[in-house]
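Here is the naming used below: chain letters follow the sequence lines, and residue numbers restart at 1 for every chain. Atoms considered below: every heavy atom in the structure, side chains included; atoms not considered: hydrogens, waters and symmetry mates. Since we're looking at a predicted model, the values are computed, not measured.
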Amino acid sequence: MYQFLFNITGNEIIAGLITACIPLVFILIFVLFAVWFERKVSAHMQDRLGPMRVGWHGVLQTVADFVKMLQKEDIIATEADRKLFSIAPVLVFAGSFAAYAAIPFSSKLLGSEVEVGIFYVIAISSLVVAGILMAGWSSNNKYSLLGAMRSAAQIVSYEIPTALVVLSMVMLTGTLSLDKMSQMQTAHFWDWNIFGGPTFGFAKFLLIPFMFVGFLIVYISTLAEVNRTPFDIPEAESELVAGYFTEYVGMKWAMFMLSEYANMFSVSAIITILFFGGYQSPVGYLGNTLGAPALIPFEQGIWFIAKGIFFVFVQMWLRWTLPRLRVDQLMTVCWKYLIPYAFINLIIIGIITLL
Amino acid sequence: MGLLDKEFSDGNIVITKVEDLFNWARLSSIWQLGFGLACCAIEMMATSASHYDFDRFGVIPRNTPRQADAIIISGTVTLKMAIRIKRLYEQMPDPKYIISMGSCSNCGGPYWEHGYHVLKGVDRVIPVDVYVPGCPPRPEALLEGLLKLQEKIRNESLRTHSV
Amino acid sequence: MKNPEEIFEILKKEFGESILAIDKDVPTEPIIAVDPMYINKVGQFLREHEELKFDSLMVLSGVDDANGTKIKDEDETEVISGGTLSVYYHLHSVYLKHKITLKVSTPRDNPKAESVESIWKTADWHEREAYDMFGIIFLNHPDLRRILMPYDWEAGYPLRKDYKNPEFYQGMKVPY
Amino acid sequence: MALKTETMVLNMGPQHPSTHGVLRLELELEGEVIVNVKPHIGYLHRCFEKHAEVMTYPQVIPYTDRMDYLASMSNNFGYVVAVEKLLGIQVPDRVQYIRVIMAELQRIASHLVALGTNGLDIGAFTPFLYLFRDREHILSLFEMTCGARLLYNYMWVGGLSHDIHPDFVRLTKEFVNYFRPTITELNNLLTFNKIFIERTANIGILPLDTAINFGATGPVLRGSGLAFDLRREDPYSIYDRFNFEIPTGKGLVGTIGDCWDRYYVRVLEMEQSLRIIEQAIDPIPEGDVQSAIPKRVKPPKGTVYSRTENPRGELGYFIISDGNVNPFRIKVRGPSFVNLELMGELCKGHLVADVIAILGSIDIVLGEVDR
């Protein structure tokens, strides 16, 4: 996309700006949809209706929330560390927004064809930890300090199983770039990595169980990275009131919510690329059958967003059924179970790819 | 709202449009501070449960006073608690509203005569927008109180704060 | 399983004069009156004795007997002086399934009684509540301070019969 | 030279999402581990005992409703049994049967809220709403008989305020058949949920002798293994005519007397209450419910201490009457007031998250703690 715009405008800054705006617009629209979607999903799961009065079935609910938050008075506590207090939400949002640079929405619409795509995404998404620590420390409130400590420990320790599973996938596919990874899993669902990858052969059937184990490990650890139940300890309402954003008001708090939902989608996007064939459609393209290849990038985009939203829905589904883990149980799950399994999985996949 | 106070010559089309939008946004997403005092809190929980569902009106409980727009004072306000409620009220960001639920917080309720430790009505400590009578008020009464509050917000104007 | 008379005999034999009397004529439960300074020894004995084994204190309630003389002080409110404040102990044995009620009367001007907190842990808050509501001081209680009323409430002890409401408390009008 | 560390005092203040109302817990923390818990109560002290001294006997009944506002029927029941013992009057059988049915329905409704908020504190939001949906059925039953959803003033001294609705019996039977499968649904969703067990097993273990020494009663005591239930120990009204078991903590998941046991005892108690209702509902004898209500309640001079089984434990009324129309002194032994003293004992050495789980398993109602 950047190259395409660069040829038109001839000026890198404008091209860069436009390509950066596309994911930003997508995130804003997605967050407006996702907040409403979560309230409706949780409502219908709990035998009630959810927002109904604000638009047709409460569709404008998040717009109303957003405009109301614009009008809120911006309170910064007197003893709070003023500068850090305002930088923290920006840093947290920057961390999760930057990850969208390398996510390929379709073969044409792609931030920047970065060779080291997956490596970049994992590195940049740990920027969020710095923002959270800043928020916790600067709001000068015991609850947010406790919340920030916990979430920093949680995100840092759950990066390791994610990295290990990503390593095993990179070993299998041989490339770091997300775009190539998606292309390799051609347009039929049995070629996806979850079913053992594109090359037909004995190794493909051997791989299937370990692919499922890898998928489960990476799904659990990305759940923890995004602070969703059963790992949402940093903002555990019942204990720490509201975790690290206890002191935040109006738009600053909206930035935290924006980055949480943006993170949710970017994490689901990574999982679809790694295991479920990125923007490839499971049943072949309408564009090919109708003989209009120009249609394919849009179809790919639609498939990609559909898969992403499905995984976001599963995250919401988990949130409203499972209780919450305690901090030390969360650490034992990561260090005693996820990381050893991820290592074993890595070794076995390595051996199989050598066959 | 200094910008909007300047009188446009041709008058109010611009202001009423923006006013309606702001009021509509404020009234359709009132976030209540999730805390209850006494028996009315159980009825408030029943109202936000599945049978009467507060969420239909966009009301979700928020735990910190910073992110709440309205407090529903549900239950008896004692002198020891009144100091805390005053501090909670002050911690909330500005466009904030108070629903006093139940006759205990309206005027002391059944404890008005001999309750040496009961504050006779929460409006002695914080300004109340809507009073919901009843002991405890039925969930429908609380919903009607919320609709009254929404009506009140709908008629607020940006130029002069109507309280 | 022992009825109150037998328990009274055992206590009389054990403690002699510090067990004052038992009155059975008043309906529904006989009450044994005990000297306020010996209540913790009596309690310890009741708990350790293998035939009695009163291991759980059901309730400890302070009562203002209001049997003093009523005198009108300057702004025509009546104040009771003299008379007694008493504390009732309802004991119960979980294993032997029998109950007993003890009563301790302390003078109204300086009401003092021994604390039984070391014997039954549940007495801790009950005694603090009796102190908060009546002003009965329990000797060597771990931290005897107000429990229900605000800690800085100086307008006396609310449940006494001659209690008067203060006008203001921290800027809030108390009476209606 | 050891690193000098000092404990951090964290205030779980009167406004906290999971302190079941207005309770302030002062936690002394060493990092995340708790050194000491000091509960501060009194934020809902509504001077019940002062009102009891100036009101007449029947006028006190609405105030007993508002003490434990989750189990108002049981509060009325306790007070009314005490006054009837003082007066020495005999109540017709129909009134006894209706009182037992109402008390057991109230026990189920109160346990539903207790289990729901216990799950809510540990993060499971949906079971809380399912239990509240079932509770609405019971509230509509109460509303049909005495017009109120939460605070009923239904049981008078010597009788009842209203007779039951003609199709009350049919609807109660329907409720019993509807409710039994939902208990198994609750068990699948929350009770045997791995994370819930992880969060509540072996947490806040209450040994039996400390429980007795602290005077704990009800599901808290039974969770520690002692089958002590006043409906069986010291039977009042007609509870001796029904057969039902007393569920106790058996340590299925962790050790005996931990949070999970107290939770599971409440689930089993709901089933026992259903059994009692079924036995009591069929032969409700005919008769007028207001025949034994005295014109003026003037008990003789004397004292009475009567205790009944409230969903939270032993609710005791100590009434001293000096012969005239209003009581001389009423002291209420609230089960939550006594059970709350265990907090300091149970929370030592646990984490902050466990304090919430333990508080949820003790199940306190602040109206009864502060009276």
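- Residue A:Ile75 touches chain B through its side chain alone, counting heavy-atom pairs closer than 4.5 Å.
- Judged by distance alone, the side chain of B:Asn106 and the main-chain N or O of B:Val132 form a donor-acceptor pair under 3.5 Å.
- Between chain B and the options A:Gln61, A:His57, A:Met69, A:Gln46, the largest number of non-hydrogen pairs under 4.5 Å is found for A:Gln61.
- For A:Leu60, the parts lying near chain B are the backbone and the side chain together; criterion is any non-hydrogen pair under 4.5 Å.
- Tested against A:Tyr244, the residues A:Tyr143, A:Phe256, A:Trp253 include a single ring-ring contact (aromatic ring centres under 6.0 Å, His included) partner, A:Phe256.
- Interface remark: of the candidates B:Tyr52, B:Trp24, B:Phe57, B:Trp24 forms the most heavy-atom pairs closer than 4.5 Å to chain A.
- Between the side chains of A:Asn263 and A:Ser96, not a single donor N or O lies within less than 3.5 Å of an accepting N or O.
- Between A:Phe30 and A:Phe26, the ring planes lie parallel to each other; the angle is under 30°, not in the 30° to 60° tilted range.
- Aromatic ring pairs are classed by plane angle as parallel below 30°, tilted from 30° to 60° and perpendicular above 60°; the pair A:Phe33 and A:Trp36 is tilted.
- Counting heavy-atom pairs closer than 4.5 Å to chain B, the top-ranked of the candidates A:Gly250, A:Ala64, A:Ala43 is A:Ala64.
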